[in-house]
> 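Sharing a structure below in structure tokens format, with a few things to ask.
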Amino acid sequence: MQWSNWSGKLTSQPTQQYFVRSEADAQAVVRRAVETGSSIRVAGAAHSHAPLVQHNGILVDAQGLSGVISSNRERCSAWVWAGTRIYAMGLPLREVGLALNNQGDIDQQAIAGATGTGTHGTGRTLQNLSAGVIGARLALADGSLTDASADNNPDLWQAARLHLGALGIVTRLHLQLRPAYLLQERSWTAPLAEVLAGSTHHAAENRHFEFFWYPQADQANAKCINESTAEPQYPLAAEGQRLAWSHEVLPNHRPHKHTEMEYSLPSKAGPACMRAIQQLLTSRFPEVRWPVEYRHLAADDVWLSTAYGRDTVTISVHQDVREDDEPYFRACEEIFLAHDGRPHWGKVNYLNGSQLESVHPRWADWWRVRNRVDPNGTFLNTYLRGLQ
Ligand SMILES: Cc1cc2nc3c(=O)[nH]c(=O)nc-3n(C[C@H](O)[C@H](O)[C@H](O)COP(=O)(O)OP(=O)(O)OC[C@H]3O[C@@H](n4cnc5c(N)ncnc54)[C@H](O)[C@@H]3O)c2cc1C
């Protein structure tokens with residue numbers, strides 16, 4: 001039995017694999033693991049580059065828990081099964097007049113996998129997906145199915161908004177949404193210096209702004225996306241020119257296998273950090289052809305969020321999956337840390353627990369709750385145990 005992540009760079013051999021299709025089944029798997037002293041990791045869609053799922057114990061695939069359970073148009077909220085792929089939520093939510101506030105660059109992730117690592121899109125006023133979690137139900141190590149929200153188990157809710165798969169099996173999520181909306185894209189290409197000089201303005205003037213900088217050509221592909229009242233246009237145009245519903249415009253097709261490091265920086269540090277990464281690439285890594293991505297993210301109050309308490313710019317560096325990414329990524333990490341960066345939970349980083357504690361103000365709170373609901377570490381793997 002072999003598990004591997006999306007890029008193929010991470011693999012493991014789980015002793016047992018369970019594909020759960022109901023909450024009763026999830027609960028029973030947890031009870032069995034606790035009785036036999038085994039540990040569990042839960043897999044979403046395997047799109048993380050960090051060794052979160054990699055594990056040689058029990059692997060639970062929760063993607064059988066899929067679909068929209070119920071929605072409330074007036075409150076703009078919905079309960080969804082935790083294993084629902086983000087692409088499978090777009091249409092059913094649209095049909096009841098609702099949509100996610102924002103989405104990441106792809107929509108292949110399971111919703112609990114995406115919220116579990118702080119997955120985000122771009123937009124100066126838009127928060128990550130974890131910030132939209134207003135409730136959760138988990139199968140916990142004590143054998144219970146437990147609900148958590150701001151009014152009920154608030155500490156567990158806070159920890160579960162960005163859970164790293166370390167609290168229990170998340171079976172369902174209650175999401176804050178907004179009325180369905182149409183988006184129109186506009187894209188252009190220019191040298192990095194020009195796009196970066198206008199970045200604060202573009203981020204302020206547009207709902208979404210981002211760019212990919214291609215170092216060898218010194219060209220940045222920039223994109224702005226805004227709400228529209230025009231008729232959607234089908235078939236969908238190419239990326240950068242679409243006009244359609246939000247769930248059709250925000251995700252992109254990213255078939256080329258790569259690894260990725262991403263750091264979140266205080267937004268004011270974004271341009272200087274980007275220039276330092278540019279300098280690094282041109283002076284020490286001129287062979288790297290993969291782009292550097294620059295996005296905006298609004299502050300939130302999610303305990304382990306990389307945007308906790310501060311408006312943020314995120315910078316991602318990529319490398320071909322067949323290359324040794326470590327020298328390049330380690331050099332980038334030094335720059336990110338010098339700019340007060342926090343690493344994306346689902347991407348490559350080389351930080352230990354005390355370094356993570358120094359950049360996450362609510363680190364101790366998160367571990368306190370985690371250790372309370374799972375005192376014997378049933379939901380930890382070697383990587384997470386090493387961070388404690
Ligand atoms: C091509 C590509 C594009 C990406 N684009 C973006 C982007 O635009 N923005 C961004 O922020 N990130 C992006 N990412 C990163 C990605 O969104 C995260 O790594 C995300 O966590 C992957 O979700 P997943 O469903 O694949 O979860 P997995 O990688 O399978 O798991 C992630 C975590 O969630 C846990 N988990 C999953 N389901 C459950 C459950 N039901 N109960 C308990 N724990 C669970 C796992 O144990 C693990 O800890 C991208 C990754 C790739 C490969």
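Below, all heavy atoms of this structure are taken into account, side chains as well, without hydrogens, waters or symmetry copies. Start at 1 and go down the list; that is how both ligands and their atoms are numbered.
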> Based purely on interatomic distance, does Ala46 place a nitrogen or oxygen under 3.5 Å from a nitrogen or oxygen of ligand 1?
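Looking only at distances, the answer is yes, because the N/O contact criterion of under 3.5 Å is met.
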> So if I apply the side-chain hydrogen bond (donor to acceptor under 3.5 Å, both in side chains) rule between Glu262 and each of His120, Arg342, His49, His344, which one comes out positive?
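Of the listed residues His120, Arg342, His49, His344, the side-chain hydrogen bond (donor to acceptor under 3.5 Å, both in side chains) partner of Glu262 is His120.
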> Heavy atom to atom 8 (O) of ligand 1, shortest distance: which of Asp105, Ile111, Leu52 holds it?
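Of the listed residues, Asp105 has the closest heavy atom.
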> Would you mind finding which of Lys257, His47, Lys347 brings a heavy atom closest to atom 6 (C) of ligand 1?
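When every heavy atom of Lys257, His47, Lys347 is considered, Lys347 comes closest to atom 6 (C) of ligand 1.
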> Counting only nitrogen or oxygen atoms and a 3.5 angstrom limit, does Val42 reach ligand 1?
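Indeed, backbone or side chain, Val42 has an N or O that close.
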> Flag Arg254 as yes when one of its N or O atoms lies below 3.5 Å from any N or O atom of ligand 1, and as no otherwise.
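No, no N or O pair falls under 3.5 Å.
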> Out of Leu167, Val53, Thr117, Val170, who gets a non-hydrogen atom closest to atom 41 (N) of ligand 1?
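Of the listed residues, Val170 has the closest heavy atom.
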> Going by heavy atoms in the side chains, are Lys223 and Asn252 under 4.5 Å from each other?
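With C-beta onward as the side chain, the pair touches.
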> In terms of side-chain heavy atoms, does Tyr350 have a donor or acceptor partner in Gln355 at a distance below 3.5 Å?
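Per modelled atom types, Tyr350 and Gln355 side chains form no pair under 3.5 Å.
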> May I ask you to check whether Trp6 has an N/O atom sitting below 3.5 Å from an N/O atom of ligand 1?
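Looking only at distances, the answer is no, because the N/O contact criterion of under 3.5 Å is not met.
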> Residue-level breakdown please: for His49 versus ligand 1, do any non-hydrogen atoms fall below 4.0 Å on the side chain, on the backbone, on both, or on neither?
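His49 to ligand 1: side-chain contact only, backbone stays beyond 4.0 Å.
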> Do any nitrogen or oxygen atoms of Gln109 lie less than 3.5 angstrom from nitrogen or oxygen atoms of ligand 1?
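Yes.
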> With heavy-atom distances below 4.5 Å as the criterion, would you say the side chains of Asp300 and Asn128 are in contact?
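Counting from C-beta outward, Asp300 and Asn128 do come under 4.5 Å.
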> Look at the rings of Trp290 and His256 and say which category their plane angle falls in: under 30° parallel, 30 to 60° tilted, over 60° perpendicular.
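Perpendicular: the ring planes of Trp290 and His256 meet at over 60°.
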> Are the ring centres of His360 and Trp367 closer than 6.0 Å?
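For His360 and Trp367, the ring centres are not under 6.0 Å apart.
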> Just going by heavy-atom distances, which of Ala139, Gly116, Gly44 is nearest to atom 37 (C) of ligand 1?
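Looking at heavy atoms only, the winner is Gly44.
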> How about Asn101 and Leu177: do any of their side-chain heavy atoms sit closer than 4.5 Å?
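With C-beta onward as the side chain, the pair stays apart.
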> In terms of relative ring orientation, are Phe212 and Tyr214 parallel, tilted or perpendicular, with 30° and 60° separating the classes?
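If you compare the ring of Phe212 with that of Tyr214, the planes turn out tilted.
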> Rounded to the nearest 0.5 Å, how far apart are CG of Leu59 and OH of Tyr18?
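Going from the CG atom of Leu59 to the OH atom of Tyr18 covers 11.5 Å.
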> What do we get for Arg41 next to ligand 1 when only non-hydrogen atoms under 4.0 Å count, side chain, backbone, both or neither?
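Side chain only.
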> Nearest heavy atom to atom 43 (C) of ligand 1 wins, so pick from Gly113, Ala136, Gly168, Ala50.
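Of the listed residues, Gly168 has the closest heavy atom.
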> Can a non-hydrogen atom of Glu260 be found less than 4.0 Å from any atom of ligand 1?
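Under 4.0 Å: no for Glu260.
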> State whether the number of non-hydrogen atoms from other residues, nucleotides or ligands found under 6.0 Å of Arg368 atom CZ is greater than 12.
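Enclosed.
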> Check if Arg295 has a non-hydrogen atom at a distance under 4.0 Å from any atom of ligand 1.
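Checking ligand 1 against Arg295, which is what was asked, there is a heavy-atom contact under 4.0 Å.
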> Using a 4.0 Å cut-off to any heavy atom of Ala114, which atoms of ligand 1 qualify?
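Per the distance check, 23 (O).
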> Check each atom of ligand 1 against the heavy atoms of Leu164 and keep those under 4.0 Å away; list them by number with element.
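It comes down to these atoms of ligand 1: 49 (O).
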